[in-house]
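The structure follows.
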Amino acid sequence: GPVHLREPGEVCAVLDQPEAADTAPRGTGCQILRALPRGKGPSVAVNLDFQNPCDDRRHKDIWSKEKTCDRLPKFLIIGPQKTGTTALHFFLSLHPGIMSNFPSPVTYEEIQFFNGANYRKGIDWYMEFFPIPSNVSTDLTFEKSANYFESEVVPRRAAALLPRAKIIAILINPAERAYSWYQHQRAHQLPAALNFTFHQVISASPDAPREVRLLQSRCLLPGWYATHIERWLTHYQPSQLLIVNGLQLRNNPVAVMDSVQKFLGVTLHFNYTQALMFDDNKSFWCQIVEGGKSKCLGKSKGRKYPEMDSLSRTFLTNYYREHNAELSKQLNRLGQALPSWLREELQHNRWS
């Protein structure tokens, strides 16, 4: 057929087949380019990414007057998973000038638009998740989808629709992130996590059962931080990207939220010292509510589990050694501070 899917949501059109026009996705921003004469040369496939409809007057002229690009988010929290993205989402939602998307009945606070089948639902579907800002010049809308970070297609798609958006990623020690993901899957009763130890999963050979290799990749691959960040930098300027230290977010969220507000350029600076308190029972920072009590994230957040075994830690230290070294060079080039966990890993590797 003239249109095929290379992965869910990625629509490609073969340029020498005019019938592609009939099967291309509906929605402003889809374009089919025919660079070859009909029937001449090999078939060529191109990605059809939704563009921002307000960047072209021709689009605005045919668009409903009731629609506005002001509903598109001004910044994205891209993940990766198990680094503190839900906490950052929660803290940002306390800011009077910052609004997150409406929840999804399927994926809760995450829309997961750019990286899956939802992308085929189009811009109008996406925009319905966002409130209309009461003050366009000062209010900021955002979305958090923690599986955007390592996707190969999301940076390109996001930049096509949101070229001026700011991007926030949160990084913790990739070894700790991998272990947290494994424990998260155990808590959700994933058979591969229940039937195999963490070390068996991360050190599994290519001929291991498919479900083990799938869990292995979800544990390990998001931690290739420098590789994924470089992909985002292909489509966004360094000034549009903020790397948050996930360990600092956990231990000193007020300082992190100050830096996030500065990065976003918010008009109204919000004093988080008056909004957050440390909850001894939760061992985490929570919202201060009436009566000096605290309102914390759900039970699934801040879950306690056994310490990682030494064999797995040694394996992951070796596995991520080159990735972490590349990340340090990358952050230095970007002029962003090295998080404490990364400095410790680099120091450890020098002495080992």
Side-chain angles (χ1 to χ4, degrees), residues 52 70-81 83-101 109-111 114 130-131 133 135-146 148-150 154-155 158-159 161-172 225-226 228-276 285 287 327-343:
N52 189 311
D70 295 329
R71 293 186 74 168
L72 289 170
K74 300 298 187 295
F75 68 97
L76 305 175
I77 300 173
I78 60 173
Q81 293 167 307
T83 59
T85 56
T86 301
L88 181 59
H89 177 278
F90 177 61
F91 296 156
L92 282 167
S93 298
L94 301 179
H95 194 295
I98 297 177
M99 299 173 292
S100 67
N101 56 277
E109 81 269 16
E110 299 193 355
I111 305 177
F114 291 105
F130 297 97
N135 188 324
V136 175
S137 61
T138 59
D139 290 350
L140 297 177
T141 53
F142 77 99
E143 71 136 320
K144 182 271 288 188
S145 292
Y148 283 173
F149 178 74
E150 68 270 21
V154 169
L161 182 61
L162 310 169
R164 290 173 290 279
K166 293 192 175 181
I167 308 298
I168 300 176
I170 308 176
L171 303 186
I172 64 172
Y225 293 154
H228 304 312
I229 290 171
E230 198 61 41
R231 190 182 300 116
W232 281 91
L233 290 173
T234 302
H235 300 279
Y236 285 95
Q237 295 298 315
S239 60
Q240 293 175 271
L241 176 68
L242 177 68
I243 306 296
V244 169
N245 179 351
L247 189 61
Q248 187 184 21
L249 177 66
R250 184 179 185 88
N251 297 329
N252 187 6
V254 172
V256 172
M257 297 312 295
D258 283 346
S259 66
V260 169
Q261 291 184 84
K262 183 179 179 182
F263 168 70
L264 295 175
V266 295
T267 304
L268 172 66
H269 185 275
F270 185 64
N271 186 357
Y272 277 91
T273 58
Q274 298 175 357
L276 300 177
W285 289 82
Q287 179 187 6
L327 176 65
S328 68
K329 297 174 186 175
Q330 187 181 62
L331 293 178
N332 283 329
R333 288 196 305 270
L334 294 173
Q336 301 214 25
L338 269 61
S340 54
W341 62 262
L342 181 56
R343 293 198 303 270

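Here, residue 1 is the first one in the sequence, and each next residue gets the next number.
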With Q237, which residues qualify under side chain to side chain contact (heavy atoms under 4.5 Å, CB included), at least two apart? S239, Q240
Given side chains that start at C-beta, do those of F149 and I170 come closer than 4.5 Å, heavy atoms only? no
If the plane angle is over 60° it's perpendicular, under 30° parallel, otherwise tilted; pick one for Y148 and F114. perpendicular
Any side-chain heavy atom of L171 within less than 4.5 Å of one from L342? no
Looking at CG of L241 and CG of L334, how far apart are the two atoms once the value is rounded to the nearest 0.5 Å? 6.5 Å
Measuring only between side-chain heavy atoms, which start at C-beta, is D139 closer than 4.5 Å to M99? yes
Tell me, please, which residues at least two apart from D70 pass side chain to side chain contact (heavy atoms under 4.5 Å, CB included). T68, P133, V136
With sequence neighbours left out, what residues match S145 under side-chain hydrogen bond (donor to acceptor under 3.5 Å, both in side chains)? E143
Just do the side-chain contact (heavy atoms from CB on, under 4.5 Å) check on F263 and I168 with the steps written out, would you? CA-CA 9 Å; F263 168 70; I168 300 176; 3.9 Å; yes
Please assess Q336 against L242 for the test side-chain contact (heavy atoms from CB on, under 4.5 Å), listing each intermediate value before the final yes or no. CA-CA 8 Å; Q336 301 214 25; L242 177 68; 4.1 Å; yes
Taking the side chain as C-beta and beyond, is there a heavy-atom pair between I172 and L249 under 4.5 Å? no
Shortest non-hydrogen pair, H95 vs L268, comes out as NE2-O, 2.8 Å
Step by step, work out the side-chain contact (heavy atoms from CB on, under 4.5 Å) result for F270 and M257. CA-CA 9 Å; F270 185 64; M257 297 312 295; over 6 Å; no
Do V256 and N245 come close enough that some side-chain heavy atom pair is under 4.5 Å? no
Parallel, tilted or perpendicular: which fits the ring planes of F142 and F75, with parallel below 30° and perpendicular above 60°? parallel
Grab the two heavy atoms, one from T85 and one from G79, that are nearest each other, plus how far apart they are. CG2-CA, 3.5 Å
Identify, with sequence neighbours excluded, every residue that meets salt bridge (charged side-chain N to carboxylate O under 4.0 Å, His left out) alongside R71. E128
So, do L162 and Y236 sit near enough that their side-chain heavy atoms are less than 4.5 Å apart? yes
Output all residues satisfying side chain to side chain contact (heavy atoms under 4.5 Å, CB included) with A255, sequence neighbours left out; order by chain, then residue number. Q248, N252
Here the gap from R333 atom CZ to L331 atom CG, rounded to the nearest 0.5 Å, amounts to 9.0 Å
From I78 atom CD1 to H228 atom NE2, the distance as rounded to the nearest 0.5 Å: 10.0 Å
Can you name the residues that form a side chain to side chain contact (heavy atoms under 4.5 Å, CB included) with T234, not counting sequence neighbours? none
Does the side chain of S100 reach to within under 4.5 Å of the side chain of L92, using non-hydrogen atoms? no
Output the distance between atom CG (N101) and atom CD (E109), rounded to the nearest 0.5 Å. 8.5 Å
Distance check, rounded to the nearest 0.5 Å: R343 atom CZ versus L338 atom CG? 7.0 Å
Rounded distance [0.5 Å steps], CG in L72 versus NZ in K74: 7.5 Å
Side-chain heavy atoms of H269 within contact of D258, under 4.5 Å: yes
Nearest heavy atoms of F91 and Y272, plus distance in Å: O-OH, 2.7 Å
Between Q330 and A226, which heavy-atom pair has the shortest distance, and what is it? NE2-O, 3.0 Å
